[in-house]
Asker: 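Before I ask anything, here is the structure I am working with.
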Amino acid sequence: MLDNEKIIELQDLKKETLLLKNQGYRYITMSCVDLGDSFDLIYHFDKAYEIYNMRFSVAKGTIVPSLSDVYFCAMLTENELKDLFGLEFSGLVLDCGGNLLITDEVGAAPMTKQYVVKAKESE
Amino acid sequence: MAKKTILPFGPQHPVLPEPIQLQLVMEDEIVVEAIPAIGYVHRGLEKLTETKAIAENIFVVERICGICSFMHALCYCQGIESLMNITVPDRSRFLRVIWGELHRLHSHHLWLGLLADAFGFESLFMQCWRNREMVMDIMEMTAGSRVIISTNALGGVRRDIDSDQQKFILNSLNKLQEELDNIKRVFSDDYTVNKRLVDVAVISKEDAHELGAVGPVMRASGLSFDYRTTGYAAYNELDFEPIVEQSGDCYARMMVRLRECYQSIDIIRQAFAKLPEGPIASPVKGFPSGEIATRVEQPRGEVLYYIKANGTNHLDRLRVRTPTFANIPALLKMVKGLTLADIPIAILSIDPCISCTER
Amino acid sequence: MNIQIIAATILLAPVIGGLIAGIDRIITARMQHRVGPPLLQPFYDVLKLLGKENIAVTNDQSLYAVLYLVFNVITLVMFVLQMDLLLILFMLLLAVASLVLGAMSANSPFSKIGAQRELIAILAYEPILISSVVGMYFVTGSFSISRILQIDRMLFIDLPLLFIAFTYVLTIKLRKSPFDFSTSHHGHQELVKGLTIEYSGPSLAMIEIAHWYETVLLLLFAGLFFANNLYVAVAAIAICYFAEILVDNIAARLTWQIMLKSTWIPGLLIAVVNMVWVYIKYHV
C-alpha cells in the first residue's frame, strides 16, 4: 500500500482523472506490475509536492481506456507500457504500434514475468 | 501552396548529445510538426533490476545515465531506506547533498557548453567544459572516479570527505564562481547569443503544467516547483529557494540553469559549514518489503521511483520515471512553428538525456 | 611569359591557401586555449580524402564538384593575369552556382536547404561585390585590373566605406560565424555540413582545394584596395583575415534573415553612399 492512495475500478478511470485535472493535479506517470494473471496499474499525480496514487487491476488482455485526451503527456507512458507489457489502450492519440522502445527481435512484452522451461534430458 | 518536406533530424546528428529522432515535417524552413522516434538506447535496465540483489541494484541504477547518476542512486537508496525504516546518520545526509550539488554543477556546465555549441559559439563551449573540469577534479579526488561516483550505499555513503579535501573543494568553488561570472556575462548580455535564445520555443505556464513538464523547463515558465524544498537528505536544514523565470523561452531556461549553478555552489558552502561529525553509514539488516514512491530533484527535473519489494533479496518491481521522459511532450509542443535554425536550440533547451528516457 | 604565370598560379595558390587554412586553425585553437593541429593539417586532410572511395548519390554531383574547382581556378588565373574585374565576378558567380547545383542534385533534405541558404547568401553579398568593382571603376576609369594597378593613389582612401562593406561580406564568403549557415568548418550546425554533406572522398577534396583558391582570390581582392604599396597591402590582408578569425570566435551563428537585413540595409547603404561620393568627385 502506498501513502495517499485510492483504489478504483476500471470504468471509473476517465471520470476520476477528469476530476483530478480540474483540481489542478499534475500528471507524473503510470507504473505497472505483473502479478501473474493480472496487471496492477498505479497512476501517480502530484499537487503541491504531495503525491496522489490511483490503483486498479486489470486482467491480462483487457483494453484500458487511454488518458491521452485528458493529459496529452500520458500518451508517451501508455506507448511504453504497450511495448513493454503488451497492454492495449483504446483511443491513444499518437500510437507508435509497439515500436516506441523495442524492436521486433526483442519479442513481445519483455517486462512481463517470463518463465523458462528446461527440457529434461532423459526423455 | 508550400511543399512539405520531411527532414530526418537525428538519430545521428552532431548537435544532439544522445540519439533521438525527430522527423520534422517542414514547409520551407518552418516546422509544422515533429514525429518522435526513440528506442535507440533501450537497455532494459528495469528488467535487470529484478534479477539483481538489492544492494547490487544501486550500481545498475547509477548507470541509467552518466550525467544524473548520483541522484538515481540517491533516490533508490532513499526508497529502500524508507521501506526498511533505516535512519541514515546526519553526516551522510550532508555528504549526499554535497555530492548531489556537485553533480548538478557538472551537469549544468555540460549543458551550457552544448548549448553554446548548438548556436555556433565554439569558444564559449570550450570555456564551459574547461570550467567543468574543475568539478570533475573534485569528484575524482573525493570519490575516485569522475562521472559515475558510486558513493551511495544503503544506510549512508561509502566514502568520507576529510578537512583537506574540504579546503580544496571550497577553493575550487571560489575559482569556479569567478569563471561563472565571466560566462554569465556572455550568455546573458551578448548580442548574437540573445538573438538566438530570446523568444525561441516559448512554453506558456498553463501548457507546462498540463504537459507535465518538470525541472528547469517548468521553472522557466513561471511554475515554482523544486522537489528539494520538501527536505529530503539534508535539504531541510539548508536555505535556498526555487529559481523561477517567467518568460518560458530558451533564454529563460538557460538563465534558470545558470542561476542554479550559483545556487549549488552556495548550497555546498552551507552544507560544509553545517557538516556534523559522526559515522557515515548505518548498519543494514534484513530485506525490504512493501511499496513506495519516492522522488528526488535531478538536474533535469523531478525523478520518480516506484519500488515494490517482497521481503526477499530481489525486488518485485522497480519503475523509474525520469525527467526527460516528462519533458518530451513539452518538446513536441515547442517545435511547432520554429524555423530549422532554432530546432537544435529548442531540443537542447529541455536538456535531453535520452539514456534516462529509455533506460 | 603568360604560360609561366598561369602555371605558377595554379600550382602555388592551393599551397598558399592550404597554409592560410592551417594558420587559421592554429590561431582559432589558441584563442580557445587549445593547442591546435599541426600547420600542414589541411594538406594531410586533403590527401586523406583523395585516397578514399567516391560515394556519390548521383553522378552529376561529382561533375559539379569538378566544375566548382575548375571555375575557381580560372577565376584566380584571370585575376593574376589582371583581366576585367566584372568578368572575374561573373566567373566567381558561376563557380558558386556549380556548387549550389551540386548540392541540389544530391537529393538530401539537408543539402537542399543548404543550397537554398547559399543562394540567399549570394543575394546578400553579390550587390556589395559589384558595388566595390563599380566604385573602383569610378575612381580609376576602368574595370581592368592592369589599369587599376597603374593608378598611383591608394584606393582605400577613396573607397573606405566600400572596403568596410567588403570585409562584412568577406565573412559570408569565407564561411565564418556569424554567417556560416550554408556550410561551415565545424559540423555542429543544424544542417550538419549543409551544402557539402553528400560529398565524400575525392569530390570533397576538390571542394576543399577550390575553397583554398577562392580564399586566395578574395584576399587578393581585399589587397587591391591598397594596391599601390605592396607592404601595406600584405599587412592589410593579414589584419583582415585575423579580424575574420576573431569575429568567428566571438560570435554565435545568426540566421539568414538577420544576414540579409544587415547586408542590405546598412551594408548596401554605405556602399551606395561611397559610390555616389566618388562619382561626384571624379566625374562631375
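Heavy atoms only: backbone and side chains are in, while hydrogens, waters and symmetry mates are out. Throughout, a chain's letter reflects where its sequence line sits, starting with A, and its residues are numbered from 1.
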Asker: Kindly indicate whether the side chain of B:Ile328, heavy atoms from C-beta on, has any atom under 4.5 Å from the side chain of A:Met75.
Answerer: no
Asker: For B:Glu210, is there an ion pair with A:Arg26 - N to carboxylate O distance below 4.0 angstrom?
Answerer: no
Asker: Check each atom of B:Leu304 against the heavy atoms of chain A and say whether the ones under 4.5 Å are side chain, backbone, both or neither.
Answerer: side chain
Asker: Taking side chain as C-beta onward, heavy atoms only, is B:Leu211 less than 4.5 Å from A:Tyr71?
Answerer: no
Asker: Please flag which part of B:Glu46 lies under 4.5 Å from any non-hydrogen atom of chain A: side chain, backbone, both or neither.
Answerer: both
Asker: Within the structure provided, determine whether A:Val33 and B:Tyr306 are in side-chain contact (heavy-atom separation under 4.5 Å).
Answerer: yes
Asker: With a 4.5 angstrom heavy-atom cut-off, is it the side chain or the backbone of B:Ala213 that approaches chain A, or both, or neither?
Answerer: backbone
Asker: A side-chain contact here means heavy atoms from C-beta on lying under 4.5 Å apart; do B:Arg295 and A:Ile28 qualify?
Answerer: yes
Asker: Side chains of A:Leu84 and B:Lys47: does their closest heavy-atom pair fall under 4.5 Å?
Answerer: no
Asker: What part of B:Ala293 lies closer than 4.5 angstrom to a heavy atom of chain A: side chain, backbone, both or neither?
Answerer: both
Asker: Count the heavy-atom pairs under 4.5 Å between each of A:Val70, A:Ile42, A:Asp46 and chain B, then report the option with the highest count.
Answerer: A:Asp46
Asker: Would you call the rings of A:Tyr49 and B:Phe225 parallel, tilted or perpendicular if under 30° counts as parallel and over 60° as perpendicular?
Answerer: parallel
Asker: B:Asp226, B:Thr357, B:Ile35: which one forms the most heavy-atom pairs within less than 4.5 Å of chain A?
Answerer: B:Asp226
Asker: Could you look at B:Tyr40 and say if it's the side chain, the backbone, both or neither that has a heavy atom under 4.5 Å from chain A?
Answerer: neither
Asker: Below 4.0 angstrom, N of the basic side chain to O of the carboxylate: do A:Glu80 and B:Arg321 qualify?
Answerer: no
